[in-house]
Amino acid sequence: MRNLRIVRNVNKTKSELSLNGNEGFYFIYRGLFEDFLNFDKIDYEVLEIFAAIRNTIHNSGIYFSPHDEKSPSFNYRKKTYTFIYGKPVNFITIDFIKNMLFDLLDLWEKLLKNNIISNIGFIKDPIADVKFE
């Protein structure tokens with residue numbers, strides 16, 4: 001749902017955006033970041049390996065692709081990491097987690113400082129108006 005609100009608000013500033021916010025994470029970050037925010041190769045490395053790690057969280061640490069049974073490899077910080085389909089991830093260390101956190105924070109900072117994003121203004125969450133009794 002958050003993807004939808006952000007993409008629709010960016011779309012107000014860039015009418016050629018071909019996303020509607022209902023796409024998967026990969027298409028959102030590729031379309032949004034690549035077409036409008038000019039992120040670099042390292043930013044994509046962070047996002048791609050983070051998306052694969054996020055997949056394992058939903059599967060008790062085991063990698064399952066939602067698309068196929070391939071075992072993809074990702075470059076991150078000058079190393080290659082392979083996620084083996086149906087197997088637990090065994091390369092996550094404290095240093096890896098710290099690096100990932102710092103890289104994700106840097107990415108958020110780039111995102112929030114971007115003129116397109118910062119000019120959107122307040123995005124009201126429709127859930128905020130729900131009254132619970």
Side-chain angles (χ1 to χ4, degrees):
M1 193 61 121
R2 284 182 295 267
N3 289 348
L4 178 61
R5 287 191 297 274
I6 292 170
V7 170
R8 283 188 179 159
N9 280 278
V10 169
N11 201 22
K12 288 178 187 174
T13 63
K14 296 281 190 177
S15 60
E16 69 272 13
L17 183 64
S18 61
L19 301 170
N20 64 23
N22 294 319
E23 296 83 0
F25 182 68
Y26 174 83
F27 294 105
I28 294 288
Y29 82 72
R30 276 296 186 187
L32 186 61
F33 295 164
E34 194 171 280
D35 295 343
F36 299 102
L37 305 182
N38 300 321
F39 280 16
D40 58 35
K41 182 178 182 245
I42 293 168
D43 297 327
Y44 289 112
E45 288 180 0
V46 172
L47 286 169
E48 287 171 354
I49 197 164
F50 176 73
I53 290 169
R54 181 181 168 273
N55 169 287
T56 67
I57 292 168
H58 298 293
N59 298 302
S60 301
I62 297 173
Y63 179 77
F64 289 104
S65 172
H67 307 292
D68 53 41
E69 295 186 18
K70 292 181 182 173
S71 297
S73 293
F74 300 93
N75 294 318
Y76 174 64
R77 288 186 168 243
K78 299 181 182 177
K79 288 181 78 176
T80 300
Y81 298 91
T82 301
F83 289 74
I84 301 172
Y85 186 89
K87 301 285 184 187
V89 174
N90 61 4
F91 53 77
I92 306 292
T93 64
I94 293 296
D95 285 336
F96 182 94
I97 293 169
K98 284 192 309 190
N99 288 332
M100 179 61 61
L101 286 173
F102 287 129
D103 290 340
L104 287 169
L105 288 171
D106 287 343
L107 196 59
W108 270 107
E109 184 177 19
K110 277 184 183 181
L111 180 68
L112 295 173
K113 287 183 175 179
N114 183 280
N115 286 336
I116 294 171
I117 299 298
S118 62
N119 288 332
I120 289 173
F122 180 71
I123 300 174
K124 185 174 183 176
D125 187 340
I127 302 300
D129 288 335
V130 173
K131 303 277 189 251
F132 295 96
E133 296 179 19

Heavy atoms of other groups near [X] [atom1], more than 12 under 6.0 Å:
X: Y85; atom1: OH; result: yes
X: I94; atom1: CD1; result: no
X: I42; atom1: CD1; result: no

- Establish whether I49 and I92 are linked, either directly or via other cluster members, by ILVMFWY side-chain heavy-atom contacts under 4.5 Å.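 Yes, I49 and I92 fall within the same hydrophobic cluster.
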- Message: Taking F102 as the starting point, is it possible to reach L107 by hopping between hydrophobic residues whose side chains are less than 4.5 Å apart?
- Response: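 Different hydrophobic clusters.
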- Query: I84: what forms a side chain to side chain contact (heavy atoms under 4.5 Å, CB included) with it, not counting sequence neighbours?
  - Reply: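 Partners of I84 under the side chain to side chain contact (heavy atoms under 4.5 Å, CB included) test: S71, T82, K87.
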- Using the test side-chain hydrogen bond (donor to acceptor under 3.5 Å, both in side chains), find all partners of K70 that sit at least two apart in sequence or belong to another chain.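 Expected list: none.
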- Item | Those residues that, when tested against N75, pass side-chain hydrogen bond (donor to acceptor under 3.5 Å, both in side chains) (two or more places apart) |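 Here the qualifying residues are T80.
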- Message: Does either side chain, that of Y76 or that of D103, offer a donor lying less than 3.5 Å from an acceptor on the other one?
- Response: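 The criterion, which ignores hydrogens and geometry beyond distance, is satisfied for D103 and Y76.
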- Item | Reported CG-to-CD distance for the pair D43 and E48, which is rounded to 0.5 angstrom |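 It is 11.0 Å, given to the nearest 0.5 Å.
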- Query: To the nearest 0.5 Å, how far apart are CG in L104 and CG in L111?
  - Reply: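 These two atoms lie 11.5 Å from each other.
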- Message: Restricting to non-hydrogen atoms, name the atom on I62 and the atom on N55 that form the minimum distance, rounded to 0.1 Å.
- Response: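 Minimum heavy-atom contact is O-OD1, 4.1 Å.
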- Item | Closest contact, heavy atoms only, R77 versus E45 |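 Minimum heavy-atom separation between R77 and E45: N-OE1, 3.9 Å.
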- Item | Sub-4.5 Å side-chain heavy-atom contact between K98 and L101 |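 They are not in contact (no side-chain heavy atoms under 4.5 Å apart), so the answer is no.
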- Run through F91, Y81, Y44, F83 and flag the one making a ring pair (Phe, Tyr, Trp, His ring centres under 6.0 Å) with F74.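 Option passing the ring pair (Phe, Tyr, Trp, His ring centres under 6.0 Å) with F74: F83.
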- Side-chain donor/acceptor of N114 to backbone N/O of K110, under 3.5 Å: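 Answer holds: no.
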